[in-house]
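I have placed the structure first, in the form of structure tokens, so that the comments after it can refer back to it.
Reckoned from all heavy atoms, side chains included, excluding hydrogens, waters and symmetry mates.
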Amino acid sequence: QRVGRFVYWGIGEENELLRHFETHMVRAPYGWSRATKPVSEGGQRLHFEKPGQRCDIRIERVDTPPGRNEYLINIFVEST
């Protein structure tokens with residue numbers, strides 16, 4: 001079993017971040033399939049899968065001053 005966790009932080013718009021992962025994860029060379037739709041749980045979650053693998057992406061807004069959109073992106077990948 002292999003597990004990977006990647007964490008990114010930066011400034012952006014939530015809808016743009018969601019669209020980026022929704023469109024790029026399913027393309028080559030990544031080749032993931034969408035497992036479910038985003039669910040709001042204090043942030044947005046995206047779920048992808050491949051045979052024997054899964055990838056969960058969570059996008060959460062960081063507490064910042066008004067007018068500043070900063071996000072934390074956690075990407076968790078697991079294969080068996």
Exercise for the section: Starting from F76, walk the hydrophobic network (Ile, Leu, Val, Met, Phe, Trp, Tyr; side-chain heavy atoms closer than 4.5 Å) and list everyone else you reach, by chain and number. Expected result: V3
Exercise for the section: Taking side chain to side chain donor-acceptor pair (under 3.5 Å) as the test, write out the residues that go with E16, two or more places apart. Expected result: none
Exercise for the section: Calculate, to the nearest 0.5 Å, the distance between atoms CD and CD belonging to Q44 and E60 respectively. Expected result: 11.0 Å
Fill in the blank from the handout: Nearest heavy-atom approach of F48 to F21 is CZ-O, 3.6 Å
Exercise for the section: Could you list all the salt bridge (charged side-chain N to carboxylate O under 4.0 Å, His left out) pairs where at least one residue sits in residues 71-80, not counting sequence neighbours? Expected result: R54-E78
Exercise for the section: Return the set of residues passing side chain to side chain contact (heavy atoms under 4.5 Å, CB included) with L17 (not counting sequence neighbours), or none when no residue passes. Expected result: I59, Y71, I73
Handout entry: Counterpart residues, side chain to side chain contact (heavy atoms under 4.5 Å, CB included), relative to N15 (two or more places apart)
Key = L18, R19
Practice task
Applying side chain to side chain contact (heavy atoms under 4.5 Å, CB included), run through Y8 and N74 and close with a yes or a no.
Solution key: CA-CA 7 Å; Y8 300 95; N74 282 283; over 6 Å; no
Handout entry: With sequence neighbours excluded, residues passing side chain to side chain donor-acceptor pair (under 3.5 Å) with R27
Key = none
Exercise for the section: Could you list the residues that satisfy side chain to side chain contact (heavy atoms under 4.5 Å, CB included) with R2, not counting sequence neighbours? Expected result: S79
Practice task
Check for a donor-acceptor pair, side chain of K50 on one end and backbone N or O of C55 on the other, with a separation under 3.5 Å.
Solution key: no
Fill in the blank from the handout: side chain to side chain contact (heavy atoms under 4.5 Å, CB included) filter on T64, not counting sequence neighbours, yields R61, V62, R68, E70
Handout entry: V77 to F6 - nearest heavy-atom pair and separation
Key = CG2-CE1, 4.4 Å
Handout entry: salt bridge (charged side-chain N to carboxylate O under 4.0 Å, His left out) involving E49 - partner list, sequence neighbours excluded
Key = none
Practice task
Would you name the heavy atoms of Y30 and H24 that are closest together and state the gap between them?
Solution key: CD1-O, 3.1 Å
Problem - Side-chain touch L72/R58, heavy atoms, less than 4.5 angstrom - result: no
Problem - Test item: R45 and I57 side chains (from C-beta on) under 4.5 Å apart, heavy atoms - result: no
Practice task
Ignoring hydrogens and angles, state whether a donor on the side chain of E14 or N69 is under 3.5 Å from an acceptor on the partner side chain.
Solution key: no
